[in-house]
Amino acid sequence: MSESTDSPTDFIRQKVAADVAAGKHGGRVQTRFPPEPNGYLQIGHAKAICLNFDIAKEFGGLCNLRFDDTNPEKESDEFVRAIQDDIRWLGYDWAKICYASDYFEQLFTWALQLIESGDAYVDELSPDDIRAYRGTLTEAGKNSPYRDRPVAESLGLFQRMRAGEFEDGKMVLRAKIDMAHPNMNMRDPVMYRIKRLHHHRVGDAWCIYPSYDFTHGQSDAIEGVTHSLCSLEFEDHRPLYDWFIQKLGIFPSQQTEFARLNLTYTVVSKRKLRTLVEGGHVMGWNDPRMPTLSGMRRRGYPAAAIRSFCRAVGITKTPSTSDIALLEHAVRDELNRTAPRRMAVMQPLEVELTNWPEDKVIEVVGHNNPGDESAGSRKLPFAKRIFIEQEDFREEANRKFFRLKKGGEVRLRHAYIIKCDEVIKDANGEITKLLCSVDMATLNKNPEGRKVKGVIHWVSADHAREAPVRLFDRLFSVEKPEADKAREFLEFVNPDSLTATTVLCEPSLAEMKPGETCQFERIGYFCADTEESNLGHPVFNRTVGLRDSWAKQDQAS
RNA sequence: AGGCGAUUGGUGUAACGGUAGCACACUGCCCUUUGAAGGCAGUAGCACAAGUUCAAAUCUUGUAUCGCCUGCCA
């Protein structure tokens with residue numbers, strides 16, 4: 001699943017292509033990615049980022065990064081910075097970085113214009129009354145008593161709102177549309193509210209802030225965005241989006257909605273991710289189990305794999321839940337091509353090579369990537385005492401088990417074929433050690449007259465380095481943690497999603513730099529953690545395990 | 001007096017009136033100094049009903065099911 005060069009042909013790209021062909025906006029294409037800086041980006045945002053930036057690129061257009069910072073309540077510079085880092089890491093760069101807050105003055109002027117044209121009014125109803133007057137899904141709302149106040153009065157009040165003459169929540173500016181509209185968003189939506197909050201960019205310059213609806217389309221218009229792509233929940237807002245543009249007579253950006261991404265065995269809503277962090281269910285926003293970009297980055301997911309995944313799930317209007325296995329496939333696919341191979345043993349079983357001279361140490365050569373000659377090779381020490389994986393030995397097993405068994409032979413990866421002659425056990429009958437003999441004629445050579453099928457990994461006991469490892473499993477133990485409305489999603493958090501253990505690894509692994517990823521042969525892909533690794537002492541995160549068809553087969557039998 | 005949108009194998013998608021294809025997952029076989037990767041094969045699908053048409057996944061209507069909407073959030 002490498003990133004293909006031919007472009008996808010989803011309905012949005014078809015629409016953009018048709019617009020270009022028709023000469024709309026002179027064939028110009030411009031998009032934007034508009035996050036609110038109130039949280040960390042997650043895999044769902046990655047889908048939107050890829051869509052917007054890729055479309056701009058494919059059609060020779062521009063894509064801006066625009067922070068939708070109209071509500072200072074939960075917004076901060078920390079998020080502004082983290083979002084930029086995540087987007088760059090994903091592999092994208094913006095034409096311009098914009099802030100809705102840069103348009104506050106213009107927005108205010110436009111609000112004045114709508115008041116003057118009789119399309120907006122200052123309402124003094126309380127929040128509770130506004131709700132009550134709005135009506136319900138099946139009943140029309142009713143007009144506010146302030147709805148038909150004179151234009152001049154609204155004008156004066158709105159100016160005074162800005163001047164800070166009224167308390168928070170005392171009044172709002174509303175669009176005058178239709179309180180009986182079947183679309184709730186058209187029942188005189190709020191355009192401005194009074195909030196005495198410090199804004200991360202404009203400071204205390206304003207005490208009134210525009211709403212999303214009165215900001216987004218105008219921001220698109222100011223920047224000249226031709227295609228304003230957003231998720232399905234804004235479908236109901238499109239009539240409003242168009243209404244403001246039409247009333248204001250500004251550049252007609254067009255909004256198109258697509259389904260957001262959902263993933264099995266996880267949650268992606270900001271609120272729920274926050275709950276996981278604040279409830280201590282994970283170590284933080286960048287916990288490797290989190291579907292955040294920072295979490296996936298820390299876990300070792302390559303940016304290219306995430307892009308590839310986003311391309312694979314496509315863009316539609318059908319709400320759906322993608323299988324996390326598809327994401328994992330994209331990760332393995334990328335890592336299989338790029339990650340150097342190494343050897344490490346998770347559950348060591350000592351093996352003494354009886355016919356190997358006591359002090360003899362040789363170096364064998366291991367290829368870094370069998371599928372990529374250019375990846376080169378490294379040397380591995382081989383000596384009398386080695387460790388193999390406990391599960392690679394069975395005293396007795398059928399022929400399906402082609403690893404080491406008593407009296408049987410197996411290939412040590414990159415080294416010799418050995419034969420198990422004797423099994424040493426302790427008083428409890430637990431296997432403590434294997435005595436094996438080496439077939440000296442089999443280094444990088446197959447024996448004559450017999451075929452040895454199994455290959456297992458190993459490390460030299462005297463040369464192995466011990467390193468901490470964290471194994472991650474799915475964050476939730478059910479496919480759709482949000483599906484059961486009667487139960488809180490937290491009930492489904494997988495108690496075994498994190499396992500801390502250690503590995504014995506080949507010497508070269510001690511040199512792994514934080515953030516680097518390799519494959520532990522026959523086990524999985526691991527990266528050196530960026531937070532907890534020290535020079536010469538990596539702490540490994542298991543990015544994803546290798547596919548294991550033997551485990552399935554063994555389990556089935 | 002509700003509105004808007006959606007519905008194609010287990011999952012995610014393609015098709016734009018003319019043989020339902022791809023990927024993931026799953027199953028079997030081959031290959032292999034990673035039981036990985038790779039190769040080959042296989043299982044499995046148009047929500048339902050009417051209508052238009054020589055011909056419907058595709059157009060029309062109805063039904064069902066699901067999603068979103070009653071923040072001074074975005």
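Here is how names work: the chains are called A, B, and so on, in the same order as the sequence lines, proteins then strands, and each is numbered from 1. Below, each value reflects all heavy atoms present in this structure, side chains not excepted, and no hydrogens, waters or symmetry copies.
Among the protein residues, A:Val190 comes within range of the sugar-phosphate backbone only, with heavy atoms under 4.0 Å from sugar or phosphate atoms but none that close to a base. Using a 4.0 Å heavy-atom criterion, one finds that A:Glu257 contacts no nucleic acid atom at all. The residue A:Lys15 sits apart from the nucleic acid: no heavy atom pair falls under 4.0 Å. Among the heavy atoms of the strands, none lies under 4.0 Å from A:Thr264. A:Gln14 comes within 4.0 angstrom of a nucleotide base, judged by non-hydrogen atoms across all strands. Across all strands shown, A:Ala140 has heavy atoms under 4.0 Å from base atoms, whether or not it also approaches the sugar-phosphate. Residue contacts shown for A:His457 are absent, as no nucleic acid heavy atom lies under 4.0 Å away. The residue A:Gly371 sits apart from the nucleic acid: no heavy atom pair falls under 4.0 Å. Nucleic acid contact class of A:Ala259 (heavy atoms, under 4.0 Å, all strands): none. If you check every strand for non-hydrogen atoms under 4.0 Å, A:Glu139 touches nothing. Contact annotation for A:Ala551: no contact, since no heavy-atom pair falls under 4.0 Å across all strands. As judged by a 4.0 angstrom heavy-atom cut-off over every strand, A:Phe401 is placed among the base-contacting residues.
Within the 4.0 Å cut-off from OP1 or OP2 of B:G71, at least one side-chain nitrogen or oxygen of A:Arg134 is found. The phosphate of B:C73 (OP1 or OP2) has no side-chain N or O of A:Thr70 nearer than 4.0 angstrom. The side chain of A:Lys47 places no N or O atom within less than 4.0 Å of a non-bridging phosphate oxygen (OP1 or OP2) of B:G12. A close approach under 4.0 Å does occur between a side-chain nitrogen or oxygen of A:Arg522 and OP1 or OP2 of B:G35. For the OP1/OP2 pair of B:C72 and a distance below 4.0 Å, the side-chain nitrogens and oxygens of A:Ser211 include no atom meeting the criterion. Checking the phosphate oxygens (OP1, OP2) of B:G71, a side-chain nitrogen or oxygen of A:Arg131 falls inside 4.0 Å. For the OP1/OP2 pair of B:U11 and a distance below 4.0 Å, the side-chain nitrogens and oxygens of A:Ser320 include no atom meeting the criterion. For the pair A:Arg13 and B:A14, the criterion of a side-chain N or O lying under 4.0 Å from OP1 or OP2 is not met. A sub-4.0 Å separation between OP1 or OP2 of B:C26 and a side-chain N or O of A:Arg547 is present. Contact annotation: A:Thr138 does not reach the phosphate of B:U70 (side-chain N/O to OP1 or OP2, under 4.0 Å). OP1 or OP2 of B:G35 has not a single side-chain nitrogen or oxygen of A:Gln555 nearer than 4.0 Å.
Taking atom CD on A:Glu391 and atom C1' on B:G35, their separation rounds to 11 Å, with Å as the unit. When the P atom of B:A23 is taken as reference, atom CD of A:Glu334 falls 19 Å away, rounded to whole Å. Spacing between atom CG of A:Asn185 and atom C1' of B:C69 amounts to 6 Å, rounded to whole angstrom units. B:A74 atom P lies 12 Å from atom OH of A:Tyr209, rounded to whole Å. Put simply, CE on A:Met186 is 18 Å from C1' on B:G71, counting in whole angstrom units. B:G3 atom P lies 19 Å from atom CG of A:Leu240, rounded to whole Å. Straight-line distance from the CG atom of A:Asn336 to the P atom of B:C24: 13 Å, rounded to whole Å. Rounded to an integer number of Å, the gap from A:His329 NE2 to B:A25 P is 6 Å.
In the set B:U34, B:C26, B:A74, B:A74 carries the atom at the smallest distance from any side-chain atom of A:Asn71. With B:C72, B:U70, B:G35 as the choices, the nucleotide that has an atom nearest any side-chain atom of A:Thr136 turns out to be B:U70. Considering only side-chain atoms of A:Asp548, the nucleotide from B:C72, B:C73, B:G35 that sits closest is B:G35. The side chain of A:Lys195 lies closest to B:C73, out of B:G2, B:C73, B:G35. Distances were taken from every side-chain heavy atom of A:Pro127 (C-beta onward) to each of B:C24, B:C72, B:C68; the shortest belongs to B:C72.
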Below 3.5 Å is the cut-off: list the nitrogen or oxygen pairs between protein and nucleotides 59-63 of chain B, distance only.
none

Restricting to nitrogen or oxygen on both sides, can you table the protein-nucleotides 4-10 of chain B pairs closer than 3.5 Å?
residue : atom : partner  : partner atom : Å
B:G5    : O2'  : A:Glu235 : OE2          : 3.3
B:A6    : O3'  : A:Thr318 : OG1          : 3.4

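With respect to the salt-bridge test (charged N to carboxylate O, under 4.0 angstrom), the residues A:Lys552 and A:Asp548 do not qualify.
With its glycosidic angle more than 90° from 0, B:G42 is assigned anti.
Centre separation under 5.5 Å together with a plane angle under 30° does not hold for the ring of A:Tyr212 and the six-membered base ring of B:A74, so they are not marked as stacked.
Under the 30°/60° scheme for interplanar angles, the aromatic rings of A:Phe158 and A:Phe108 are found to lie parallel.
Two residues, A:Val313 and A:Phe402, neighbour RNA chain B, and the one matched to the more 5' nucleotide by heavy-atom proximity is A:Val313.
Side-chain contact check for A:Arg32 and A:Ser228: at least one donor-acceptor pair (N or O, by modelled atom type) lies under 3.5 Å.
When all heavy atoms of A:Leu107 and A:Gln218 are compared, the closest pair comes out as CD1-CB, 3.6 Å.
When each of A:Arg394, A:Arg403, A:Lys400 is paired with A:Asp554, the salt bridge (charged side-chain N to carboxylate O under 4.0 Å, His left out) condition holds for A:Arg394 and for no other.
Contact of A:Gln519 with B:U34 (side chain to base): a donor-acceptor pair of N or O atoms is detected under 3.5 Å.
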With both pairing distances under 3.5 angstrom for Watson-Crick or G-U wobble, and | for a partner in another strand, the correct string for RNA chain B is .((((((..((((....[..)))).(((((.......)))))....(((((..]....))))))))))).....

